[in-house]
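A short write-up of the structure that comes next.
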Amino acid sequence: MRRILIVGAGQCGLQLGLGLLAAGYEVTIMSARTPEEIRAGWPTSTQAMFEQALNTERAQGLNLWDDPAPKINGMHIAVAMPPGTMAMSIIAHLNSPGQSTDQRVKFPAWLELFEERGGTVIYQGVTTGDLDGLTALLRYDLTIVAAGKGELTALFDRDVDRSPFTVPQRGLSVAYVHGLAPNPSYPERSGAFNGIPGLGEMFAIPGYTLSGECDILFFEAVPGSPADIWQKRLPPDEHLSLMVKQAREYAPWLGERCDNVELTDGKATLSGRYTPVVRRPVAQLPSGGLVLGAGDVVISNDPVTGQGANGAAKMAAAYLAAIVAHGDKPFDREWMERTFADFWETSGQWATMWTNGMLGEMPEHAARILMKATTHTPTADRFVNGFSDPSDFQHFFFTPEAADAYLASIEE
Amino acid sequence: MATHWKVRPYLLTGGRTHVRHRLLVHTLVSVPYYDAAFAGGLLPEARGLYEQARVTRSVAELSASCGVSLGVTRVILGDLAASDRVRIHPETYDSPYDRNLLERVRDGLLRLA
Amino acid sequence: MTACSGSPEGETVPTDGTVPTSAKIVVAGGFGVGKTTLVSAISEIPPINTEAWMTAASEPVDHLDPGIDKRTTTVAMDFGRRAIADDLVLYLFGTPGQARFWPMWDDLCRGAMGALVLVDTRRLDASFAAVNYFEQDSDVPFAVCVNLFHGRQTHHLDDVREALSLSPEVPLLAADVREPGAVARALVGVVEHTMSSTARQ
């Protein structure tokens, strides 16, 4: 039986570990936190997931929250320009609903499932020294690093050509709330995406947390702008009231929905910032061992497009298929490089290209597509379904040529 | 293809019994009966840990005294425990906040005060 | 990697069939506040200073940051041991003071009966991160202890409490951590705080 070690117990590590276990591999996961600690901790993400990524979970029978988690049927996209004034409004429908299950709910349950099914979990934050020793043991046929928070990411070289940024592009602020009023523009359960040029973005996303159905307020502030008040960690109540205040000022139609919001629990907020980066997928340890990077170790996009958890789930499915297809052959550097390259070509590059594009000034051709979407529902729907499959943007959104061709095609 | 860290892989039971060990840094470990022949078949890291655990001591002490990182120590001890070569001492108390345990530690400390 | 040398030493396993168990108290605080001195004062073995924990000493902006610079250094972490009874050993684990490195702190605190955050009144800020950790990111009951360097108390405890923004239920103690008796009394304070705070739950 082939032995696989996975360092990191997030979306990618756990989904891959459970998949390998089901395929008959002997799997060990190293997790920095226990299920109890994760449940009792702070949220780690907004983790909205869409059709393609959710389907990878469903294919493995890991979709344990399909019923309780509210459906994200579509999205209301608004542009506030100047701040406080709605200059553009788009109602867009998802072909299949998205869902956001709090990782404090999902990860502990998956960890326990993994242990129940015979997987081994070692609870420890793994250091470089550990990883070197673990690979030198030659106990495992393959070691995968899927722990994006922590020092292990430093083992993987930044891919300069695929990483245009050297500093964080947004300051992030998140609050899980009960009591958010429905969006009058899209009364069904739906996401809200408010762009405020120069200041950032404000989202409201239906979710499912420890205390049941909720909404997730998620703001992305342009660093150095007046909106960027998320430099340091604030007491949760103060954090939420500042978010509500910002919503009332910059996107009052969202602010009005916040009159009765309260935090879902005592640790329902999150703030921070990081530099988006793509890293090379293979790292060599001092003793010579090779490890394959996964999840946000190798692709860490800004959360503005919500592609973190989606990409991690898709990568877990891709790696699982590649490992199984490789049979008993050695997991050498060439296989590792090719496994990541295949994922990057078919999936990863499009999410990163889209996300990085959304962080900068909107090009004129992209503005024309969105303007069309305000009155043309198929264009609106096609745009928002890109959250599930960003590769579609190459056909109508990424380049002026593609946008022109698309707009011409719908005029016919 | 898989190279075992054991020189003699047969010494490790193939179908390992699954035990949920929570190997905390202060969890005590010991060797129930020392088997020199078994020790002789182990690779250096595992052998060192096995020999040091002849005296009951914590995971952290074993890691430090053998110069083996904590992660490697936990993996090896888990394997040795799965084949009953080392004993991972169970928590005698349900929780670190158990009244009786707290009282015993307090009383022990008061004798030093 | 080196194999161990020498033969094991230390106390032997009780032969009466009892299985020894262990308890743990964590000693936290900034770099240089006296954690190692405290552990030495009461440990029956020389404190074990291990470099088995290699880690990056960068200071993440917060708990969301997945990007860490490639500045890697060795974090010293030390611990000691004190037999409480034939079948019960108390371990004291000092947290690495250089940086807030949550995974390691979580590992050290897991299963602890309590924690003592040591502060130096001349450099209170060195222990802010430790206080924040126990207030926000850990459920382990904790007390704060002012290290009386050279046995003198130079600040009123009330002032220290205010400067650290300590909530009233957190005990604030003082001890010369070179003194075994004083350390034992401070640890009693931790244990008694755990008794009272967990009894309420």
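Keep in mind that this is a model prediction, so the values were computed, not measured. Chain letters run A, B, ... following the sequence lines, proteins first, then strands; residues in each count from 1. Note: hydrogens, waters and symmetry copies are ignored here, and every other heavy atom, side chains too, is used.
Only the backbone of C:Ala112 comes within contact range of chain B, with at least one heavy atom under 4.5 Å from a heavy atom of that chain. Residue C:Glu179: no heavy atom, backbone or side chain, is found under 4.5 Å from chain B. For B:Thr27, the part sitting under 4.5 Å from any heavy atom of chain C is the backbone (N, CA, C, O) and nothing else. For C:Leu90, the part sitting under 4.5 Å from any heavy atom of chain B is the side chain, from C-beta outward, and nothing else.
Dense packing is recorded around CG of B:Asn100, with more than 12 heavy atoms of other residues, nucleotides or ligands lying under 6.0 Å away.
The backbone N or O of C:Ser167 lies less than 3.5 Å from a partner atom in the side chain of C:Arg161, making a donor-acceptor pair. Listed for the B:Ser63 side chain is a donor-acceptor partner under 3.5 Å among the backbone atoms of B:Val68.
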Report, one line per pair, each donor and acceptor closer than 3.5 Å where one atom sits in a side chain of residues 105-113 of chain B; sequence neighbours left out.
residue  : atom : partner : partner atom : Å
B:Arg111 : NH2  : C:Ile84 : O            : 3.3

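Checked against side chain to side chain donor-acceptor pair (under 3.5 Å), C:Thr36 has the following partners two or more places apart in sequence or in another chain: C:Asp78.
Contacts with chain B were tallied for C:Thr194, C:Ile45, C:Ile25; C:Thr194 has the most, counting heavy-atom pairs under 4.5 Å. No other option in C:Val190, C:Leu187, C:Val183 has as many heavy-atom pairs under 4.5 Å with chain B as C:Leu187. Counting heavy-atom pairs under 4.5 Å between each of C:Ala182, C:Ala186, C:Pro141 and chain B puts C:Pro141 at the top.
Between the side chains of B:Tyr93 and B:Arg99, no donor N or O sits under 3.5 Å from an acceptor N or O.
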